[in-house]
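Each ligand, and each atom within it, is numbered from 1 in the order the structure gives. Values below: every heavy atom of this structure, side chains too, minus hydrogens, waters and symmetry copies.
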Amino acid sequence: MNMNLPADVQNIISVLESNGHEAYAVGGCVRDCILGKIPHDWDITTSALPEQVKALFSRTFDTGIEHGTVTVLMHGVGYEVTTYRVDGKYEDGRHPKEVTFTASLEEDLKRRDFTINAMAYNESRGLVDLFGGEADLQAGIIKAVGNPTERFTEDALRMLRALRFSAQLGFEIEPATYQAIKDLAPTLERISAERIQVEMVKLVTSDHPERLREVYNTGLSKVFFPELDVMMECQQNNVHHAYTVGEHTIKAMELIPTDKVLRLTMMLHDIAKPACKTTDDKGQDHFKLHPIKGTDMARTVLRRLKFDNDTTSKVCNLVKNHDDRPAINDRNVRRMIIRVGQENFPDLLEVKRADTLAQSTYLRDEKLAYIAELERVFHEIVEAGDCLRIKDLQINGKDLIAMGVPQGQRIGEVLNDIFDAVVDNPELNDRQILLNMAQSMIK
Ligand code: ATP
Ligand code: MG
C-alpha cells in the first residue's frame, strides 16, 4: 500500500520522526485515499506532545490544544497535528471529561468512531489497520470500532455520523451498529444543535440524500426534527402525488443539484403539508396555503438547528415561493422576480423542477413546459434590463427632494408608487417621464 502523501504532510511526519516521535496520517484522509478520492484535509496523529510539536515548526496555532491539537501551517495550508490520546470517561454522552495523552497508536485508533476512520498510514510502517477498516471499506460497511452500544453511549453524535458516512459513501451500516443506533437514538437529545447541524448538512449534501429516510427509520429524527416523522407518516391522496409527503420530499432532494440551500429547501418545502391537509368529499387531499405555513415551520427547524441567518432566509424564501404559479406574462413574471429576488430566481426554477419530477406523472409535461416558459421569460426580462429594483429607477430620492418633497417617509412612498408603475410598464423608466410623473404625484 502506497498512499503518496502530499509533500507537506510527508515533511511534517519526517520532522516529527527525525526528532524521535511517531507520526501518521490518520482518519478521513487515509479512508479517502484508499477509496481513490482526494482528501479535503490531512490530519496527523503523533506521539509528540503539543508543546513538542509547537517547538518543531515555525508556524503553528493552538486550535484545540486542550485536546492535543496543534495546527501546523505550511504553504498556507493548515494541518491538524494531534497527540495520541485516549478519551477519558464520558459522563454526559457528549464529550470526554478529560483527555489523556498516550504513547500508543493503538489506543488512539481505538477511540475513533468507525473502522473505516480508524486507520493510520506513514511511509515507514505502511497502513496500520487494527480493526479491519480496509476490508470494511472494500465491502462498503460502516461499523463501530469495538462495542457499538458503548461507543454510542460515550458520544451519541456518532449515531448520526454513521448515517452521514453511509450517505456520503453509499455504504451500509453493519447490523449490530445499526441496532445500537435504534436502541440509543433517544440519547441524541444530549447533543448540541451545532454538532447535529454539521452532520445533517453533510448528509443532505451527499450523493445519497435519500439516507435521510434512515434518520427517520432509526428514530434519530424524532429527537431533533420530529416534523420529518410527521411528513413520513402523511399520505397524499391526490392525483398530483404518488408518495407520502416524506417520500416525495426525499425524491425531490435526490432530484435537485447538490447544494446546501437547495437540498435543505427540498427537505423542508412541504413541511406544513400535514398541518394543512384537508380531505374533500371525493376523498382527495388538499394542502392549502402550505407554502406560507411551511415558511414559518422551516424557519423554526433551521433556528432549532442553529443555522445562520443567510441560509435560513434563503431557504425560507424558496419554501414560501415554491408553489407560486402565476399566469405567464411579462408583468406577472416581473412581479414574481421582484418577490423572489432576481438572484434567487434560478434556484426557484430548480426547486420547481425537482418538486414536479417528484410528483406523479399526471400533467408532468405541462408542468415542465410551464417551468421552461417561466425560465424563458425570466431570461428575457433580465436581458431587456427591465427595472426590477427601486434603485434601477431613473430618478431617486435626491430628485424628489430637489422638487421640494420633504425628507422622510413621503420620499419612499412616492418612489414606491413610481416603481409600481414602472414594473408594469418598463418603457416609463425614462428620467423625464419619471420627473413629470413625480411632479404630478406630489402636487
Ligand atoms: P470528513 O471528510 O467529513 O472530514 P472525517 O473522517 O475527517 O470526515 P472528521 O469529523 O473530520 O471526519 O473527524 C476526523 C477523524 O476523527 C475521524 O476520521 C475519526 O477518526 C475521528 N472522529 C471524529 N469525530 C469523532 C467522534 N465523535 N468520535 C470518535 N471519533 C471521531
Ligand atoms: Mg475531517
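- Summarising the geometry, atom CG belonging to D207 is positioned 6.0 Å from atom OG1 belonging to T258; distances are rounded to the nearest 0.5 Å.
- Under a 4.0 Å heavy-atom criterion, D155 is in contact with ligand 1.
- Considering both main-chain and side-chain atoms, N117 comes within under 3.5 Å of ligand 1 through a nitrogen or oxygen pair.
- The two atoms that bring P291 and K320 nearest to each other are CB-O, 3.5 Å, heavy atoms only.
- For atom 23 (C) of ligand 1, the nearest protein heavy atom (residue, atom name, distance) is R161 NH2, 3.1 Å.
- Nearest to atom 14 (C) of ligand 1 among the protein's heavy atoms is D43 OD2, 4.0 Å.
- Environment of NZ in K260: crowded, with over 12 heavy atoms of neighbouring residues, nucleotides or ligands closer than 6.0 Å.
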- Task: Carefully, step by step, assess Q236 and K273 under the rule side-chain hydrogen bond (donor to acceptor under 3.5 Å, both in side chains).
- Result: CA-CA 9 Å; Q236 317 192 70; K273 271 194 164 177; 2.8 Å; yes

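- The distance criterion of under 3.5 Å between nitrogen or oxygen atoms is not met by D41 with respect to ligand 1.
- Considering both main-chain and side-chain atoms, K202 comes within under 3.5 Å of ligand 1 through a nitrogen or oxygen pair.
- For atom 11 (O) of ligand 1, the nearest protein heavy atom lies 4.0 Å away or farther.
- Screening M253, M232, E254 for a side chain to side chain contact (heavy atoms under 4.5 Å, CB included) involving L212 leaves a single residue, M253.
- Annotation: atom 3 (O) of ligand 1 to nearest protein heavy atom, R164 NH1, 2.7 Å.
- Closest protein heavy atom to atom 7 (O) of ligand 1: G28 CA, 3.7 Å.
- For atom 6 (O) of ligand 1, the nearest protein heavy atom (residue, atom name, distance) is R31 NH1, 2.7 Å.
- Heavy-atom neighbours of K277 NZ from other residues, nucleotides or ligands within 6.0 Å: above the threshold of 12.
- Contacts with ligand 1 closer than 4.0 Å are made by no heavy atom of F152, backbone or side chain.
- Any N or O atom pair closer than 3.5 Å counts here, and D113 shares at least one such pair with ligand 1.
- Between L415 and L393 the shortest heavy-atom distance is O-CD1, 3.9 Å.
- Distance from atom 16 (O) of ligand 1 to its nearest protein heavy atom, with residue and atom name: R112 NH1, 3.5 Å.
- Not a single heavy atom of F114 sits under 4.0 Å from any atom of ligand 1.
- For E189, the CD atom counts as loosely surrounded, since its 6.0 Å shell holds 12 or fewer non-hydrogen atoms of other residues, nucleotides or ligands.
- Of the candidates R161, R164, R158, D113 forms a salt bridge (Lys or Arg N to Asp or Glu O under 4.0 Å) with just one, namely R161.
- Within the 4.0 Å heavy-atom shell around ligand 1 one finds H40.
- Surrounding CZ of R325 are at most 12 heavy atoms belonging to other residues, nucleotides or ligands under 6.0 Å away.
- In terms of protein heavy-atom proximity, atom 26 (C) of ligand 1 is closest to R158 NE, 3.7 Å.
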- How far apart are the C-alpha atoms of H248 and H269, what are their side-chain angles, what is the distance that settles it, and do they pass the side-chain hydrogen bond (donor to acceptor under 3.5 Å, both in side chains) test? CA-CA 10 Å; H248 160 73; H269 77 289; 3.0 Å; yes

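- Below 4.0 Å from some heavy atom of G27 lie the following atoms of ligand 1, by number and element: 18 (O).
- Taking every non-hydrogen atom of R111 and a distance limit under 4.0 Å, the qualifying atoms of ligand 1 come out as 29 (C), 30 (N).
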